[in-house]
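Below is one structure; the comments refer to it alone.
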Number of protein chains: 2
Amino acid sequence: MTARTSSETARDIPEATVARLPVYLRALTTLSEQGTSTCSSEELAVAAGVNSAKLRKDLSYLGSYGTRGVGYDVEYLRYQIAREIGVTQDWPVVIVGIGNLGQALANYSGFRSRGFRTVALLDADPARRDEVVAGLVVRPFADLEQIVHDHAVAIGVIATPAVAAQDVADRMVACGITSILNFAPTVISVPDQVDVRKVDLSIELQILAYHEQRKTQGAPSQEVGA
Amino acid sequence: MTARTSSETARDIPEATVARLPVYLRALTTLSEQGTSTCSSEELAVAAGVNSAKLRKDLSYLGSYGTRGVGYDVEYLRYQIAREIGVTQDWPVVIVGIGNLGQALANYSGFRSRGFRTVALLDADPARRDEVVAGLVVRPFADLEQIVHDHAVAIGVIATPAVAAQDVADRMVACGITSILNFAPTVISVPDQVDVRKVDLSIELQILAYHEQRKTQGAPSQEVGA
DNA sequence: AGGAGTTTGTGAACGGGAGAACAAAACGGA
DNA sequence: TCCGTTTTGTTCTCCCGTTCACAAACTCCT
């Protein structure tokens, strides 16, 4: 066990581990719904699609929540991970850009079930104004500051076209938003203290295409032995 | 320069580099549209949001396409990267699950502009049958095999609910699809020779929440110095 | 033609993550 | 109570990726 102050939990969880915690959380939720009350690291690792040694090491950063010879209590571990990630609390979120993707995000149930509450949908296009999406009225982008202030929003989602993304990000930062999830296919620059994560749908396809190309490249005909 | 057979390009491009090539490609396209004909590794690195040394090392895996003292020819480099990724060719794609997300994907122009051509939209729900989305008629899931065969589809996109994802994946694999982009929030298992990439929208938000929680956690009041 | 300035391509050091392997600890049965 | 079995928590080693730093190479100016 690494040295640790008594008042707080361990401080230095590796980034790679943080990225996997939500996967473990999801797997535990599924196990819980199936009525499983206890599971071993091996079972959970299979459910999460990772190596069991890696799983145990990841969990060890949170503390010793397992019992040797027995395994982990599903509910207890699930709560501990949820608390560590921060999804036991309520996170108000604004979505900017209510095109196809923005609408899909607004309707995505996976957000609300994990503590993310969409408090407003914003769009710069006046034609979209007053449309109702996922039970919320689409409001003008100019309302951003008021909304962020009223609901203490810390997280913003950008689902606009690429050209608008940097401007939206600047406005978000100016309003006090400190975490941004960017779906626009462009690099946005923000101050150091602001976190940005990007999701680019076409990049994932391109990575697949690269490997796909190399699968067929080596073979002269369509019949591949491997 | 690493040793390399004369007949083919280098074989071992690191996975981390492959994941960045599409970002470089996008940055180069933007530069090209702005009328820039030449750029240095520093300029391109800024546009792509990476370190310039990393960029140069990444590009060096493809070959020596730059000119010392000058930089890179935007058009030439763009073509070379596109060819390496494989987006100079046409990739037929099927999308399964035409809910909100599936519709957003079907309408996403970023796919078509990079060589990904959606040849069919499939959904198991008979109520969605014959709906027209993005100019394509939604067809029954049972048509998968016929479509994959007719259009030589190698890449499939799963945008179904989690419970259906594994079954869809199995059927895709059985039809001969060898690359899968999975948007369903669940782990799917496939044979080794099949590539799967996953995009989980809520996981990205959870990672942001973790960091957000720790930003505010240390500070007793709302006023944070950093 | 030659030298100063610029930028690429790469060798080398460094840091972090992945996985194997094992010691520590809990349970169960005799 | 004591021993065998199971499974966690952790150490150790290896490998991949990142970054620094510099030599090689090209341009431009005199």
Side-chain angles (χ1 to χ4, degrees), chain A residues 1-4 9-21 23-24 27-28 31 36-74 76-78 80-81 84 207 210-211, chain B residues 1-4 9-24 27-28 31 36-74 76-78 80-81 84 192 207:
Chain A
M1 196 178 298
T2 55
R4 159 182 319 175
T9 52
R11 274 294 86 101
D12 53 340
I13 297 184
E15 198 50 39
T17 297
V18 171
R20 282 188 294 266
L21 290 180
V23 179
Y24 303 154
L28 285 165
L31 285 174
T36 309
S37 62
T38 297
C39 71
S40 67
S41 63
E42 183 60 35
E43 290 173 277
L44 184 54
V46 170
V50 301
N51 180 290
S52 67
K54 193 186 333 193
L55 169 70
R56 288 198 299 278
K57 183 178 283 191
D58 284 343
L59 295 185
S60 75
Y61 290 116
L62 312 187
S64 292
Y65 295 140
T67 307
R68 298 177 191 221
V70 178
Y72 301 91
D73 181 280
V74 172
Y76 182 63
L77 183 59
R78 195 178 71 84
Q80 292 299 338
I81 293 179
E84 190 70 36
I207 296 170
Y210 171 81
H211 292 295
Chain B
M1 197 178 298
T2 54
R4 158 182 320 173
T9 54
R11 274 295 86 99
D12 54 339
I13 297 183
E15 198 50 39
T17 297
V18 172
R20 282 188 293 268
L21 290 180
V23 179
Y24 303 153
L28 286 165
L31 285 174
T36 309
S37 62
T38 297
C39 71
S40 68
S41 63
E42 184 61 35
E43 290 173 277
L44 184 53
V46 169
V50 301
N51 181 292
S52 66
K54 192 185 334 194
L55 170 71
R56 287 199 300 277
K57 178 155 284 194
D58 283 343
L59 295 185
S60 75
Y61 291 115
L62 312 187
S64 291
Y65 295 140
T67 307
R68 299 178 191 218
V70 178
Y72 300 91
D73 182 280
V74 172
Y76 181 63
L77 183 58
R78 194 177 72 83
Q80 293 299 338
I81 293 179
E84 190 70 37
D192 282 347
I207 296 170

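Just the heavy atoms: all of them, side chains too, but no hydrogens, waters or symmetry mates, feed the values below. To find a chain, count down the sequence lines: A is the first, B the second, and so on, and within it residues start at 1.
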To the closest 0.5 Å, what do you measure between [atom1] ([X]) and [atom2] ([Y])?
X	Y	atom1	atom2	result
B:Leu59	B:Tyr24	CG	OH	6.5 Å
B:Leu28	B:Leu44	CG	CG	5.0 Å
A:Leu31	A:Glu43	CG	CD	7.5 Å
A:Thr17	A:Leu62	OG1	CG	8.5 Å
A:Tyr65	A:Arg78	OH	CZ	14.5 Å
B:Ile207	A:Glu15	CD1	CD	7.0 Å

Excluding sequence neighbours, so at least two apart, what forms side-chain hydrogen bond (donor to acceptor under 3.5 Å, both in side chains) with A:Ser52?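 By the side-chain hydrogen bond (donor to acceptor under 3.5 Å, both in side chains) rule, A:Ser52 matches A:Glu42.
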Sequence-distant partners of B:Arg56, side-chain hydrogen bond (donor to acceptor under 3.5 Å, both in side chains), two or more places apart: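 Checked B:Arg56 against side-chain hydrogen bond (donor to acceptor under 3.5 Å, both in side chains); matches are B:Ser41.
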It should be established whether B:Tyr61 places a side-chain nitrogen or oxygen under 4.0 Å from OP1 or OP2 of nucleotide D:dC16.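 Checking D:dC16 against B:Tyr61, no side-chain N or O comes under 4.0 Å of OP1 or OP2.
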For nucleotides 20-30 of chain D, just jot down a letter per nucleotide in 5' to 3' order: B, S or -, based on protein non-hydrogen atoms under 4.0 Å. BB--BBBS---
In this structure, how many angstroms lie between the [atom2] atom of [N] and the [atom1] atom of [X], rounded?
X	N	atom1	atom2	answer
B:Leu59	C:dT8	CG	P	9 Å
A:Arg20	C:dG16	CZ	C1'	12 Å
B:Leu55	D:dG17	CG	P	16 Å
A:Ile13	C:dG16	CD1	C1'	16 Å
B:Asp58	C:dT8	CG	P	14 Å
A:Tyr72	C:dA25	OH	C1'	13 Å

What residues in residues 37-44 of chain A put a non-hydrogen atom under 4.0 Å from any atom of DNA chain C?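 Contacting residues: none.
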Bend angle of the helix from C:dA1-D:dT30 to C:dA30-D:dT1 from five-pair axes at both ends, rounded to 10°?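 End axes: 0° apart.
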Throw together a table of side-chain donor-acceptor distances under 3.5 angstrom for residues 66-74 of chain B, partners on residues two or more places apart or in other chains.
unit_1, atom_1, unit_2, atom_2, d
B:Asp73, OD1, B:Glu75, N, 3.3
B:Asp73, OD1, B:Tyr76, N, 2.9

Taking all heavy atoms of A:Ala53 and all of A:Asn51, pick out the closest pair and write down the distance.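 Nearest heavy atoms, A:Ala53 then A:Asn51: N-OD1, 2.6 Å.
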